[in-house]
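Note that the numbering runs from 1 along the sequence shown for the chain.
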Amino acid sequence: MGDVLAGIHATWEFGTDSVLIRFERGIRTPKLFQSLRERRIPYAALASVTLTPGKRGTVVLRAVPRAGADPLVEAASGQLKEGCDPYRLVLPAEREVLAEYYADELRALLDPACDEPADRFLVAAPEAPMNFKAYDGRAGFDGERVSFRWSWTGASSTKWKAGDQTFKVSELAGIIWRSPEALDGYLRLLPRAAAPVDHRTGGSLGDLHGPDGSTSAVGGPDGGVPATAPITRAADQDPAAVLFGLGYGPVHESLPFAAAVLESVRRTQPAPVAAAPALVNAGRRDPADIAERIHHLGELHRAGLVTDAEYTAKKAQLLAEL
């Protein structure tokens, strides 16, 4: 579309395949927006577009992201306050007609599969390295490893006995981010053995745990993924978790951190390729169908969701069906 729509705290620049959201830097701008600075949102990452009345003579244009498309949204798992939603653009009420025009334009650009969960992250995660100060230690992430360095004034004896911790993202299944605005906020890492990943949704926080931090089942009879084992250890006793608190682990620092870790975890866990069922007396397959499946397999391979070995083996299997 090539147009620009300026609102309160943010400006949306519309391109041919994405919208670039630039956040303002000012005293009244939410700190999360200032931390994010700007985000490019592909139209393929959107599920719908809404326009609703806002507060005090405003209207709100909101682009609703698809489930599984944005690591920041997945990590937040519904815990962000409305004013900190990076997909909301607040405009003066007198610009409602213009906002409706852009809402219609965006709706026309939505992907045909917009009502389905994304099979991979489509929005870039905040970039490492990054760190933040928690109540009982300091958390750091360099893109490959997460480190926890305990504070002698805040860490429990259990964490002190365990010592400072370092986790490779390749050894993790996911994360839990419980907002520091809650009474018992924390960031917890989930080792693979403790939390299997649902590759249909990426094993995100929202799939494994509800906004209250309680554990929920993943998958089911049709999901092919076992239920997550309940977490019984409190965060202050878990060396794979850091505690938040008043002034510690604020949203604008800990949430981008959690999103970056989650994206790296997803990227290191390619989805397994299911074996094709054996067909008795099925004869040769339609070449067009085989070509389409090989094309789809190639897309998964380029996205990092299928390893080189899995790609080679599956492609050979498909070619053998010709």
Q. Is there a donor-acceptor pair under 3.5 Å between the side chain of T58 and the backbone N or O of A93?
A. no

Q.
Strictly below 4.0 Å, N to O, side chains only: are E116 and R66 in salt-bridge contact?
A. no

Q: Report yes or no: does E74 contribute a side-chain atom to a donor-acceptor pair with the main-chain N or O of G68 at less than 3.5 Å?
A: yes

Q. Between G174 and V265, what is the shortest heavy-atom contact and its length?
A. N-CG1, 3.9 Å

**Q.** K159 side chain to A241 backbone, donor-acceptor under 3.5 Å
**A.** yes

(Q) Looking at E144 and K168, is any side-chain nitrogen of the basic one under 4.0 Å from a carboxylate oxygen of the acidic one? (A) no

Q.
Taking the ring centre of each residue, are Y102 and F14 less than 6.0 Å apart?
A. yes

Q. Yes or no on side chain to side chain contact (heavy atoms under 4.5 Å, CB included) for L5 and L98, after CA distance, side-chain angles and deciding distance?
A. CA-CA 9 Å; L5 183 60; L98 183 61; 3.8 Å; yes

Q | W150 and F148 aromatic ring geometry - parallel, tilted or perpendicular at 30°/60° bounds | A | tilted

Q. Ignoring hydrogens and geometry, is there a side-chain-to-backbone donor-acceptor pair from D142 to P129 under 3.5 Å?
A. no

(Q) Can you confirm whether the side chains of T158 and Q237 place a donor and an acceptor under 3.5 Å from each other? (A) yes

Q. With a 3.5 Å cut-off and no angle check, do the side chains of S254 and W177 form a donor-acceptor pair?
A. yes

Q: If the plane angle is over 60° it's perpendicular, under 30° parallel, otherwise tilted; pick one for F23 and F33.
A: parallel

Q. Looking at F244 versus Y186, is the centre-to-centre ring distance below 6.0 Å?
A. no

Q.
Keeping T11 on the side-chain end and G7 on the backbone end, is there a donor-acceptor pair under 3.5 Å?
A. no

Q) Is it true that atom CD of E94 has more than 12 heavy atoms of other residues, nucleotides or ligands lying nearer than 6.0 Å? A) yes

Q: Starting from the C-alpha separation in whole Å, work towards a yes-or-no answer on side-chain hydrogen bond (donor to acceptor under 3.5 Å, both in side chains) for S18 and R40.
A: CA-CA 7 Å; S18 62; R40 184 171 294 279; 3.0 Å; yes

Q: Report yes or no: does Q34 contribute a side-chain atom to a donor-acceptor pair with the main-chain N or O of T29 at less than 3.5 Å?
A: yes

Q: Cation-pi check, R266 to F121: give yes when NZ or CZ is under 6.0 Å from the six-membered ring centre and within 45° of the ring axis, no otherwise.
A: yes

Q.
Set out, in order, the CA-CA distance, both residues' side-chain angles and the distance that settles side-chain hydrogen bond (donor to acceptor under 3.5 Å, both in side chains) for S151 and T153, then state yes or no.
A. CA-CA 5 Å; S151 165; T153 57; 2.9 Å; yes

Q: Can you see which heavy atom on L110 is nearest to which on S48, and at what distance?
A: CD1-CA, 3.9 Å

**Q.** Salt-bridge present (R107, E100; N to O < 4.0 Å)
**A.** yes

Q | D70-Y87 side chain donor-acceptor pair, cut-off 3.5 Å | A | yes

Q) Using a distance-only test with no angle check, is there a side-chain donor-acceptor pair under 3.5 angstrom linking T166 and R145? A) no

